[in-house]
Structure formats: structure tokens, C-alpha cells
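For the single chain, residues carry numbers from 1 onward in sequence order.
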Amino acid sequence: MIKKSVLIEQKSKVTCKNLQLHIKTEKREASIPIEDIGFLVIDNPETYVSIPALNLLVENNTSVIICNTSHLPNGMFLNLNSHHIQQEMFKHQINASMPLKKQLWQQTIKRKIKNQGILLNRITNKKNTFEFLESKVLSGDSSNMEAVAASFYWKSFFEHDFKRERFGAYPNNFLNYGYAILRAATARALSGSGLLNTLGIHHKSKYNAFALADDIMEPFRPIVDEAVYLIMQQDDEQKLTTPIKSELLQILTRTVYFKKEKSPLMVALQKTASSLQQCYAGNRKKIKYPELWN
């Protein structure tokens, strides 16, 4: 089932009644079945959310995302009891060997570089060397081909001089918003598969509570890049307006492709997370990443 993404930008009161999320602003009121909500993005500091509503959202595995004063996602609530054998899953994840982690990271970076190359080709209509760069990714990406690919990718992606930075100038603000939404969706899928987001495959910062999400989202980043590129072709706006944020939220329902089926991104992330869980448990050797384009 495709879940809804709800964006709250006006001063609101959010409560619940009869398993419905009730949202009241100065101008209107609305109710949505909580079971239909996958993501609730709160982008107004004067929003009130009742504890019963918050608990019910989390129990239904809804990601509740809080934005900062720059209107970028800054924090997230996730269900800590989303899998029936969670302790066993944690044990597999904690005990994962270094060779396994290196193999999983190699798979992840190979797919990321492949997707970057495909998108770059679609945008520029020119051949590139990303297939070659993908073939050079070693176990654990010890040769750091990810950085080599990224350097060429960003130099070729936008027509104007662009430097990819977390707090950089436009269109970094669009990219940051899209990546934050993708990160939340990835974290939600991993949590739903009984995995601990804090324990990453490659990312290891002690300050990062979502290291695993940061790992697994890497091959999906070109989805955000493509969405931002298309927005820039259609609009000269450089600020994160409500229509642009709403458009970036739509990446969660974008269609991606597995061998025998197509799937919305938020559902595909669940399949990817489940396959990672099986890799940790020793039941499969490869993470199931979808093709981003047919």
C-alpha cells in the first residue's frame, strides 16, 4: 500500500480521535486515517502535536519529521518495536563480520555509481566513464571510487559552476531537502525490517544515529538529483517554496523497477531493507537494489 506524505506548514493543532489524525489550522480542519500516513513533515514551530497522536503515529510506523528554522528536516521519530524478532535481527547486525560489511559496501557503491552514470547520460545525452568507474570499485571501496565518481558527476550535472555542500548555495537547499526526505524513508524501512539505524555498514560516526540509513540511501540519491534538475528546468525559484517541497516529497511515490515488478520508492525501500536483513542473517549474499529507470 502506498502511504501518504503529509506536510504541515501553517500553525496547527494535531490530535487524534477514532484512529484518525485530526489537523486544525486557523482556516480549516481535516482528518486522515493514521494507517494511511507514511510520513508527517512538520515545518512550523507553532505546531502542537498531542502525545496520544504522536504515539499512535509511531505505533503505525509513521515517520514524524521535524524541520528547523531553515525549513530543512532536522529530526525524526521512529518506532523502536517495529519487528517481531527485533532482538534476533539486532544480534545478526551487531555480529556481522568485516568482510561481509565490505562486500555490502562494495555492492552499494557500485550501484550508486551505476545510477549516477545512467542519470548523467540521460541529462547530457553524452557517454561517460561511470561504467568503467563502477568496475573499479573494490571490496569496501578501498580505492575510494565513490569520491572519484562524485567529483566528475557534480562537475557535469549542472550547467553553472556548482559545488556540492551541505550548507552551500542554491540548489544545495533543494538537494538537502530531498536527501533528508529520502533519509527518513530509508530509516523507516530499515526500522520496519528490524534493523538498528545506528549501526552502519560504512558510516561510523558516534554522533550519527542514522548511519545505516545513510549507507543504504546512497544508490537512491540520483532520484533526488533528477527531481531537483527537473524543477530547475521548469522554475527559476531559488527558495524552498511550498510547491517545491511538495514536489520533492513526491519522490517517495516515484516508480522504480525490480526484475519482475515495478514498485513505488517507499515500497522498494522496504524490499531493499528486507534483503539487507537477510544478508545479515546469512540467507542471501546481495542487497536487493532496484533499477531507478526502466
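Across every non-hydrogen atom of T62 and I34, the tightest pair is OG1-O, 4.1 Å. Scanning both residues, T108 and L104, for their nearest heavy atoms gives OG1-O, 2.9 Å.
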Q: For side chain to side chain contact (heavy atoms under 4.5 Å, CB included), just list the numbers for I113 and M145, CA-CA rounded to whole Å, side-chain angles, deciding distance to a tenth of an Å, and then say yes or no.
A: CA-CA 8 Å; I113 292 175; M145 296 309 296; 4.1 Å; yes
Q: Check the pair Y177, V224 against side chain to side chain contact (heavy atoms under 4.5 Å, CB included), reporting the backbone distance first and the verdict last.
A: CA-CA 9 Å; Y177 189 88; V224 176; over 6 Å; no
Q) Does the pair N60 and I37 meet the rule for a side chain to side chain contact (heavy atoms under 4.5 Å, CB included), with working shown? A) CA-CA 8 Å; N60 279 271; I37 305 173; over 6 Å; no
Q: Please step through side chain to side chain contact (heavy atoms under 4.5 Å, CB included) for the pair I181 and L248, ending with a clear verdict.
A: CA-CA 8 Å; I181 295 301; L248 289 171; 5.8 Å; no
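For the atom pair CD1 (I287) and CD (Q103), the distance works out to 10.5 Å, reported to the nearest 0.5 Å. Interatomic distance, I32 CD1 to C16 SG, rounded to the nearest 0.5 Å: 13.0 Å. Taking CZ from F39 and CG from L252, the interatomic distance works out to 5.0 Å, rounded to the nearest 0.5 Å. In this structure, the separation between CD on Q107 and SG on C279 is 6.0 Å, given to the nearest 0.5 Å. For the atom pair CD1 (I8) and CD (E46), the distance works out to 13.5 Å, reported to the nearest 0.5 Å. Atom CG in L100 sits 12.0 Å away from atom NZ in K102 (nearest 0.5 Å).
V228 is not listed as a side-chain neighbour of F157, based on a closest heavy-atom distance of 4.5 Å or more. Here the side chains of L40 and L21 are in contact, with some heavy-atom distance below 4.5 Å. When side chains are defined from C-beta on, I42 counts as touching V49, because their heavy atoms get closer than 4.5 Å. Residues N128 and L133 fail the side-chain proximity criterion, which asks for heavy atoms closer than 4.5 Å. The shortest distance between side-chain heavy atoms of P290 and Y257 does not fall below 4.5 Å. Here the side chains of S275 and R284 are in contact, with some heavy-atom distance below 4.5 Å. Using a 4.5 Å heavy-atom threshold, the side chains of L276 and S193 count as separate. The shortest distance between side-chain heavy atoms of W154 and D225 falls below 4.5 Å.
Other residues, nucleotides and ligands contribute at most 12 non-hydrogen atoms within 6.0 Å of the CD atom of E131. Within 6.0 Å of CD on E261 lie more than 12 heavy atoms contributed by other residues, nucleotides or ligands. The neighbour count for N95 CG, taken as heavy atoms of other residues, nucleotides or ligands under 6.0 Å away, is above 12.
For the pair S274 (side chain) and Q270 (backbone), a donor-acceptor distance under 3.5 Å is absent. Judged by distance alone, the side chain of R188 and the main-chain N or O of N61 form a donor-acceptor pair under 3.5 Å. Within the 3.5 Å criterion, the main-chain N or O of K239 finds a donor-acceptor partner in the side chain of E237. Remark: side-chain polar atoms of T272 are paired, donor with acceptor, to backbone N or O of K288 under 3.5 angstrom. Judged by distance alone, with hydrogens and angles left aside, the side-chain atoms of K112 form no donor-acceptor pair with the main-chain N or O of P222 at under 3.5 Å. At least one donor-acceptor pair closer than 3.5 Å links the side chain of S135 to the backbone N or O of F132.
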For residues 114-122, which side-chain donor-acceptor pairs fall under 3.5 Å, sequence neighbours excluded?
from : atom 1 : to   : atom 2 : distance (Å)
K114 : NZ     : E291 : OE2    : 3.4
N115 : ND2    : R111 : O      : 3.4
N115 : ND2    : P219 : O      : 2.8
N121 : ND2    : K126 : O      : 3.0

Which side-chain N or O atoms in residues 63-73 pair as donor and acceptor under 3.5 Å with protein atoms at least two apart or in another chain?
from : atom 1 : to  : atom 2 : distance (Å)
N68  : OD1    : S70 : N      : 2.9
N68  : OD1    : H71 : N      : 3.2
N68  : OD1    : L72 : N      : 3.0
H71  : ND1    : D43 : OD1    : 3.1
H71  : ND1    : D43 : OD2    : 3.4

Side chains of residues 195-204: which donor-acceptor pairs under 3.5 Å do they make with residues two or more places apart or in other chains?
from : atom 1 : to   : atom 2 : distance (Å)
N197 : ND2    : A187 : O      : 3.2
H202 : ND1    : W105 : NE1    : 3.4
H203 : ND1    : D215 : OD1    : 2.4
K204 : NZ     : H202 : O      : 3.2

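Using a 4.5 Å cut-off between side-chain heavy atoms of Ile, Leu, Val, Met, Phe, Trp and Tyr, with links allowed through other members, L54 and Y48 fall into different hydrophobic clusters. Placement of L230 and V256 within a single hydrophobic cluster is found when ILVMFWY residues are connected by side-chain heavy-atom separations under 4.5 Å, directly or transitively. Taking hydrophobic clusters as Ile, Leu, Val, Met, Phe, Trp and Tyr residues chained together by side-chain heavy-atom distances below 4.5 Å, L19 shares a cluster with L57. In this structure, L292 is not a member of the same hydrophobic cluster as F258, with clusters built from ILVMFWY side-chain heavy atoms closer than 4.5 Å. Hydrophobic cluster membership differs between I109 and L138, with clusters built from Ile, Leu, Val, Met, Phe, Trp and Tyr side chains linked at under 4.5 angstrom.
Applying the side-chain hydrogen bond (donor to acceptor under 3.5 Å, both in side chains) criterion to Y280, with sequence neighbours excluded, gives no partner residue. In this view, E226 and R254, W293 satisfy the side-chain hydrogen bond (donor to acceptor under 3.5 Å, both in side chains) rule, not counting sequence neighbours.
A cation-pi arrangement, defined by a distance under 6.0 Å to the six-membered ring centre and an angle within 45 degrees of its axis, is absent between R183 and F210.
A side chain to side chain donor-acceptor pair (under 3.5 Å) with N172 is found for one member of E165, K163, R164 and no other, namely R164.
Within the structure, the side-chain hydrogen bond (donor to acceptor under 3.5 Å, both in side chains) test picks out the following pairs touching residues 8-17 (sequence neighbours left out): E9-T242, E9-K245.
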